[in-house]
Amino acid sequence: MAEIQFCDYAFNTIDLLKLAGMQHWVSNGDWNCPITIMTPVGSGIRGSIYHSHSFDATATHIPGFKIRHALHAAGRLRAHALLHRGPQSCFFLVPKALMRVALLARRGDPGRAGRRSEAVEVDRRAAGGTEQLEAAVARYARPFRALRGRPDGPAGRDLTVVSYGRTLPLCVKAAESLSPEGIDAEVIDLRSLYPYDWGRIAQSVRRTGRVLYVNEDTEITNFGEHLIRRTVEELFYELAAPPRLLAGAHLPGIGLADSLEMASVPQLPSITDSIRSLAKVEP
């Protein structure tokens, strides 16, 4: 297991990442490189040009890697790194901004602190041998399926919003703020970019007829564009409006000033406006 401290520096390792991802394929299964790499991604910390990039679409272009963009990744990261038996390497792309939010929440939430203590205890059990370790870590292993952003709410009626990482809680907040206006949006947390839960997305889009994909990677060759292509190819006759993408501006970097960062990537107002606009498109 390895860490690239900021995904902005992953570009310097791209050839090594390519070799790791293709090892299983080029050797016809004789050689594997099942490493797990965690790297913080995205904006939200005023990191300017060297600490604000997204790596989403770039990571999906490297053959042989599974790409996990998990909002609740701590236990799953530990489980994947310690129990991983498959030939593929794995990227965990952890939103920088949410890492800080989680830290603040944990300081004021005894429940979160308790769960963290349980996770630390897993590490301590490593001294007990492989069987004890695997039994302990298995508690944290979960399949990487897309989840409804508001798990306690009903399925959406008017449109589907698909997001992950830093923009996911913003989409949830935007959807909740529009409920008094009579707009019922279902928010889906994608969580994994490859493989991804297309069945969950398609099920929702068939019901709502409208879909908005939201992330902060730059808009050109964005992973959301791939999802739009698949939406159009497979669900065209069930759509009530063209699918839309709300993403980061196509800029070389993100500026240090507050106003520049806010204008470079989706924020709550732009997400709210996009949901409202799409919901009101006449079929």
Side-chain angles (χ1 to χ4, degrees), residues 42 54 56-57 60 67-72 93 95 98 142-248 265-283:
S54 292
D56 310 354
T60 62
I67 316 299
R68 312 301 194 189
H69 206 309
L71 179 60
H72 305 289
L93 309 182
L98 297 187
R142 297 290 185 275
F144 284 88
R145 299 194 182 102
L147 292 178
R148 194 177 299 167
R150 295 178 293 168
D152 298 327
R157 179 188 66 243
D158 297 320
L159 78 156
T160 303
V161 182
V162 181
S163 187
Y164 52 83
R166 184 191 69 86
T167 55
L168 188 278
L170 297 179
C171 290
V172 172
K173 187 176 292 187
E176 291 173 345
S177 71
L178 291 170
S179 183
E181 299 182 22
I183 296 175
D184 183 12
E186 178 173 349
V187 180
I188 293 177
D189 180 5
L190 191 57
R191 300 187 1 155
S192 178
L193 299 187
Y194 183 80
Y196 59 91
D197 193 349
W198 173 249
R200 181 71 184 82
I201 297 172
Q203 178 189 45
S204 179
V205 175
R206 286 191 176 99
R207 181 177 60 255
T208 65
R210 296 174 172 85
V211 60
L212 172 68
Y213 296 104
V214 183
N215 65 69
E216 66 174 60
D217 205 355
T218 52
E219 61 185 351
I220 295 181
T221 64
N222 187 287
F223 189 72
E225 292 180 330
H226 161 72
L227 296 175
I228 286 178
R229 188 269 300 168
R230 192 164 183 183
T231 301
V232 171
E233 286 187 358
E234 300 185 27
L235 306 173
F236 181 81
Y237 293 105
E238 300 172 72
L239 293 173
R244 293 185 182 177
L245 170 67
L246 179 62
V265 293
Q267 305 293 344
L268 182 59
S270 60
I271 294 172
T272 303
D273 289 344
S274 295
I275 294 176
R276 181 187 290 114
S277 172
L278 182 57
K280 293 183 177 180
V281 172
E282 293 294 333

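Every heavy atom of this structure was used, including side-chain atoms; hydrogens, water molecules and symmetry mates were not.
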Shortest non-hydrogen contact from Gly182 toward Asp158: O-OD2, 3.4 Å
Residues passing the side chain to side chain donor-acceptor pair (under 3.5 Å) test with Glu282, sequence neighbours excluded, are none
Sequence neighbours left out, what passes side chain to side chain donor-acceptor pair (under 3.5 Å) with Asn222? Give chain and number order. Asn215
Between atom CG of Leu246 and atom OG of Ser274, what is the distance when rounded to the nearest 0.5 Å? 4.0 Å
Before giving the answer on side chain to side chain contact (heavy atoms under 4.5 Å, CB included), spell out for Tyr164 and Asp189 the whole-Å C-alpha distance, their side-chain angles and the decisive distance to 0.1 Å. CA-CA 5 Å; Tyr164 52 83; Asp189 180 5; 4.1 Å; yes
Check side chain to side chain contact (heavy atoms under 4.5 Å, CB included) between Ser204 and all other residues, then give those that pass, not counting sequence neighbours. Thr160, Glu186, Ile188, Arg200, Arg207, Thr208
Please find the pair of heavy atoms, one from Glu219 and one from Glu225, that lie closest to each other, and give the distance. O-OE2, 2.9 Å
Counting only N and O atoms by type, is there a donor-acceptor contact under 3.5 Å from the side chain of Arg210 to the main-chain atoms of Leu278? yes
Asp184 side chain vs Arg157 backbone, donor-acceptor pair below 3.5 Å: yes
Return the set of residues passing salt bridge (Lys or Arg N to Asp or Glu O under 4.0 Å) with Arg276 (not counting sequence neighbours), or none when no residue passes. Glu181, Asp273
Out of curiosity, Leu178 CG to Ile275 CD1, how far, rounded to the nearest 0.5 Å? 6.0 Å
Short question: side chain of Ser177, backbone of Ala174 - any donor-acceptor pair under 3.5 Å? yes
Nearest atoms (heavy-atom pairs only) where Val214 meets Pro266: CG1-CB, 4.4 Å
Across all chains, not counting sequence neighbours, the side chain to side chain donor-acceptor pair (under 3.5 Å) partners of Ser277 are Arg244
At their closest point, which heavy atom of Val187 faces which heavy atom of Cys171, and how far apart are they? CG2-O, 3.8 Å
For Arg230, side chain to side chain donor-acceptor pair (under 3.5 Å) partners two or more places apart: Tyr196, Glu234
As an exercise, state the distance from CG of Leu245 to CD1 of Ile228, rounded to the nearest 0.5 Å. 5.0 Å
Can you confirm whether Val265 sits close enough to Thr167 that some side-chain heavy atom of one is under 4.5 Å from a side-chain heavy atom of the other? no
Going from OG1 on Thr272 to CD on Glu176, what distance comes out if it is rounded to the nearest 0.5 angstrom? 11.0 Å
Contacts of type side chain to side chain contact (heavy atoms under 4.5 Å, CB included), residue Leu239, not counting sequence neighbours: Val205, Thr231, Pro243
